[in-house]
There are 2 protein chains.
Amino acid sequence: MARRKSGTATSHDVARAANVSQALVSRAFTGNGRIAPKTRERILKAAEAVGWQPNALARSMVTGDAPLVAVITTRLNFDWRAQVLSRLLKAIQEWHLKPLLFYAESDAEVDRLLDEALGWRARGVIVTAGVVRENRAAAIIDKGQFLVALNRPANHDKGFSVATDNPLGGRMAAKLFLEEGRQRLLVLGGPQGSWAPSLRAEGFSQAAHEAGRQVAVWNNDTMSTEAGRACAGRLLALPSAQQPDAVFATNDAMALGFLDGLRGHRSIPGDIALIGFDNLPAAEWAPYRLTTFEQPLEEMMRRLVAHVDGHSEEQPLQRNGAREQCPGLIRCKPKLITRMTAGKTECP
Amino acid sequence: MARRKSGTATSHDVARAANVSQALVSRAFTGNGRIAPKTRERILKAAEAVGWQPNALARSMVTGDAPLVAVITTRLNFDWRAQVLSRLLKAIQEWHLKPLLFYAESDAEVDRLLDEALGWRARGVIVTAGVVRENRAAAIIDKGQFLVALNRPANHDKGFSVATDNPLGGRMAAKLFLEEGRQRLLVLGGPQGSWAPSLRAEGFSQAAHEAGRQVAVWNNDTMSTEAGRACAGRLLALPSAQQPDAVFATNDAMALGFLDGLRGHRSIPGDIALIGFDNLPAAEWAPYRLTTFEQPLEEMMRRLVAHVDGHSEEQPLQRNGAREQCPGLIRCKPKLITRMTAGKTECP
DNA sequence: CTGAAAGCGCTTACAG
DNA sequence: CTGAAAGCGCTTACAG
């Protein structure tokens with residue numbers, strides 16, 4: 001029944017081999033408590049011979065502190081997700097913590113996974129997929145764990161949420177189009193109810209409305225290159241009087257597909273200006289040269305790290321003093337990367 | 001010192017709340033041992049009220065079996081890595097195991113991380129980055145853990161290694177070029193000593209040599225689109241008599257950059273035929289239409305899963321009976337995806 | 001069906 | 001400097 005139990009050495013085996021008490025073996029490895037240097041060395045050698053090292057589970061249990069952080073993630077098929085996870089894993093590594101991953105096949109699973117994560121008594125949880133329900137957030141925080149939500153709300157006033165300033169990105173895109181004198185504006189949006197893409201679209205629409213312009217919004221369930229290509233087809237089928245002359249795609253994948261769909265039919269940015277979001281590697285490739293927004297991943301990670309470090313030092317919340325616009329939500333400015341598809345009308 | 005210890009409820013708290021013994025609380029959650037249905041329900045309610053669930057660390061300790069699997073990974077900036085990790089996380093999730101990630105900033109760190117992983121007493125370890133040293137492999141397997149290496153050797157006869165059949169891919173590419181009557185062959189290789197890219201290059205060269213053709217190999221330290229573009233520049237600078245008319249890029253990133261670098265200077269596949277490796281999403285985009293190899297990820301995962309399932313059932317090794325070509329290494333055939341850059345010379 | 005007790009593999013006061 | 005002992009939060013025979 002017990003899988004392996006037999007055969008695995010314990011600190012007692014090492015103690016026997018080094019002819020010391022089991023407690024000394026522990027001290028040799030933790031570095032806590034006095035121990036003669038020579039004894040320590042003898043123990044280390046014995047451990048090596050036996051092939052033993054401390055059982056991290058047992059250590060975590062007895063110290064009441066597991067060096068773990070739970071990370072909720074999902075399919076990595078969108079480039080941006082992989083970038084985020086990669087950067088996150090690196091940060092966690094640098095904390096000398098271990099990421100325990102919870103993979104959500106769909107957003108609906110996220111709540112169950114958060115519950116499961118609680119069982120591991122980790123230092124905290126980082127959510128990069130799905131939605132954090134309010135009572136789940138409370139359960140996590142009440143147990144003294146930190147809660148960080150990336151590009152989504154934490155739904156708790158002691159939770160922490162870092163996001164790209166999506167509305168600002170949308171507004172900047174609109175402003176750029178208006179400065180270029182574009183007339184008919186279109187947004188390639190995400191699924192209904194999605195958080196980040198909706199905020200981008202709303203920021204865009206709002207700025208356009210303030211300038212007296214109307215905006216069409218086409219929602220897309222997948223936000224893939226295929227979806228972008230489909231939108232291009234839809235645009236080409238429109239009566240020419242209704243064809244937009246400026247398009248804001250709420251992610252790069254759609255923008256790239258859109259460009260491919262228009263290739264040979266329209267000139268960019270002559271007929272249609274285009275701005276994307278994410279600054280995927282492909283955005284700068286020769287056939288695209290897409291004007292887009294870079295998400296401030298490094299800044300987001302810095303903020304996240306600062307929050308978690310603050311948490312572990314049990315500092316009082318400094319957030320009130322700092323007067324964030326929206327408590328618990330840190331917005332980091334996206335950076336406009338101007339390439340050929342918009343914003344360069346003054347250059348040849 | 002102890003971080004949280006205080007405040008966190010235990011099974012005793014639940015027992016008190018439900019007016020039962022602590023042992024019953026355990027039985028209510030594990031499902032092992034007899035317990036009256038009504039008692040169980042009362043306990044579950046009490047636990048919910050207290051906000052408690054079993055401590056997975058303590059459970060793992062006492063059962064001697066932690067439902068963990070260690071995964072060694074690295075930066076996810078290459079698309080293929082992210083795909084692999086994503087698929088892996090899903091498989092592990094389906095086993096009802098939890099992936100504990102070890103992130104190696106460089107290959108040199110991998111050995112240290114493997115050592116660290118041992119401390120968690122996981123069911124096994126899956127290596128997707130760096131090299132598994134022989135004695136490290138032995139240490140893992142001697143402790144009864146499984147060892148799986150993806151696209152690299154496991155370096156132990158009880159380890160398990162699944163890889164794309166890289167030499168075969170190389171040979172197939174060469175064969176296709178030869179059938180097209182290409183004369184001057186070039187390989188865009190990876191770093192010296194890299195495993196998979198070198199095998200691809202070798203397979204290619206070998207097949208070419210057998211047909212009496214010479215092959216030039218240009219190694220690249222990064223295998224990025226930039227490297228591919230640089231190779232294009234280098235090619236264009238060559239005296240025309242020496243210019244290759246067929247290029248095998250050992251990954252798609254280089255192939256795509258190479259295409260961009262040639263754009264406007266050479267016609268593809270007229271002047272130069274090109275084959276890549278990986279079948280990245282971008283390979284099928286309109287400006288590229290790259291002929292390339294799809295790595296058989298699903299088959300690799302199926303094999304991996306079968307091995308690990310076999311391991312947990314303590315089955316005798318079946319490998320000898322099956323007579324694998326190379327013991328412990330399973331090669332899965334890559335699939336040629338024929339698009340526009342090679343292999344379609346008969347079609348307009 | 002339920003409870004008291006032993007034990008998982010460690011760490012850490014507490015005595016010597 | 002070292003060792004014996006308590007205890008971390010559970011699970012699981014073993015008695016009742």
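Proteins get letters first, then strands, A, B, ... in listed order; numbering begins at 1 in each.
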(message) Please pick, from D:dT12, C:dC10, D:dC1, the nucleotide with the shortest atom-to-atom distance to any side-chain atom of A:Ser26.
(response) C:dC10

(request) Write down the distance between CG (B:Leu24) and C1' (D:dC10), rounded to a whole number of angstrom. (result) 14 Å

(message) Regarding B:Asn55 and A:Trp120, do their side chains bring together a donor and an acceptor under 3.5 Å, going by distance alone?
(response) no

(message) Tell me whether A:Glu298 is salt-bridged to A:Arg302, with the criterion being a basic N under 4.0 Å from an acidic carboxylate O.
(response) no

(message) Any salt bridge linking B:Asp65 with B:Arg121? Criterion: basic side-chain nitrogen under 4.0 Å from a carboxylate oxygen.
(response) no

(message) Without decimals, in angstroms, what is the distance between B:Asn32 CG and D:dA13 P?
(response) 9 Å

(request) Nearest whole angstrom, please: distance from the C1' of D:dC10 to the CG of B:Asp13. (result) 13 Å

(request) Please say whether more than 12 non-hydrogen atoms of neighbouring residues, nucleotides or ligands are located less than 6.0 Å from CG in B:Asn135. (result) yes

(request) Let me know the distance between CZ of B:Arg16 and C1' of C:dG3, rounded to the nearest Å. (result) 16 Å

(message) If the cut-off is 4.0 Å, is B:Arg34 near the phosphate of C:dG3, judged by side-chain N/O to OP1 or OP2?
(response) no

(request) Consider the side chain of A:Ala23, meaning its heavy atoms from C-beta on, and name the nucleotide among D:dT12, D:dG9, D:dA5 that approaches it most closely. (result) D:dA5

(message) Over all strands shown, is A:Ser60 touching base, sugar-phosphate only, or nothing at heavy-atom distances under 4.0 angstrom?
(response) nothing

(message) I need the CD-P distance between B:Gln22 and C:dA6, as an integer number of Å.
(response) 14 Å

(request) Compare the minimum distances between each of C:dT2, C:dC10, D:dT12 and the side chain of B:Arg121, then state the nucleotide with the smallest one. (result) C:dC10

(request) Please check if atom CD in B:Glu105 has more than 12 non-hydrogen atoms from other residues, nucleotides or ligands closer than 6.0 Å. (result) yes

(request) Identify, residue by residue, the members of residues 43-58 of chain B with a heavy atom below 4.0 Å from DNA chain D, and return them in order of residue number, or none. (result) B:Trp52, B:Asn55, B:Ala58

(message) Check the phosphate of C:dC8 against A:Thr10, side-chain N and O only, distance under 4.0 Å to OP1 or OP2. Yes or no?
(response) no

(request) Examine D:dT2: is either OP1 or OP2 under 4.0 Å from a nitrogen or oxygen in the side chain of A:Thr39? Give yes or no. (result) yes

(request) Between C:dT2, D:dT12, C:dC10, spot the one nearest the side chain of A:Val62, thanks. (result) C:dC10

(request) Check whether any side-chain nitrogen or oxygen of A:Ser21 sits under 4.0 Å from OP1 or OP2 of D:dG3, and answer yes or no. (result) yes

(request) Determine, for B:Arg16 against B:Asp13, whether the closest basic-nitrogen to carboxylate-oxygen distance falls under 4.0 angstrom. (result) yes

(request) Anything under 30° is parallel, anything over 60° is perpendicular, the rest tilted; go ahead and classify B:Trp52 against B:Phe29. (result) perpendicular

(message) So that I can tick it off, tell me whether A:Arg112 and A:Glu109 are bridged by a salt bridge, with the cut-off set at under 4.0 angstrom between side-chain N and carboxylate O.
(response) yes

(message) Let's test this: given Watson-Crick or G-U wobble pairing with both distances under 3.5 Å, identify the partner of C:dA4.
(response) none

(message) When both hydrogen-bonding distances must be under 3.5 Å and the geometry is Watson-Crick or G-U wobble, what is C:dA13 paired with, if anything?
(response) none

(request) State which of D:dC1, C:dT12, C:dC1 makes the closest approach to the side chain of A:Ala36. (result) D:dC1

(request) Rounded to the nearest angstrom, tell me the gap between atom CZ in A:Arg59 and atom C1' in C:dC10. (result) 9 Å

(message) So, under a plain 3.5 Å distance rule, would you say the side chain of B:Arg27 forms a donor-acceptor pair with the base of C:dG3?
(response) yes

(request) Counting heavy atoms from C-beta on, name the nucleotide in C:dC1, D:dC8, C:dC10 closest to the side chain of A:Met61. (result) D:dC8

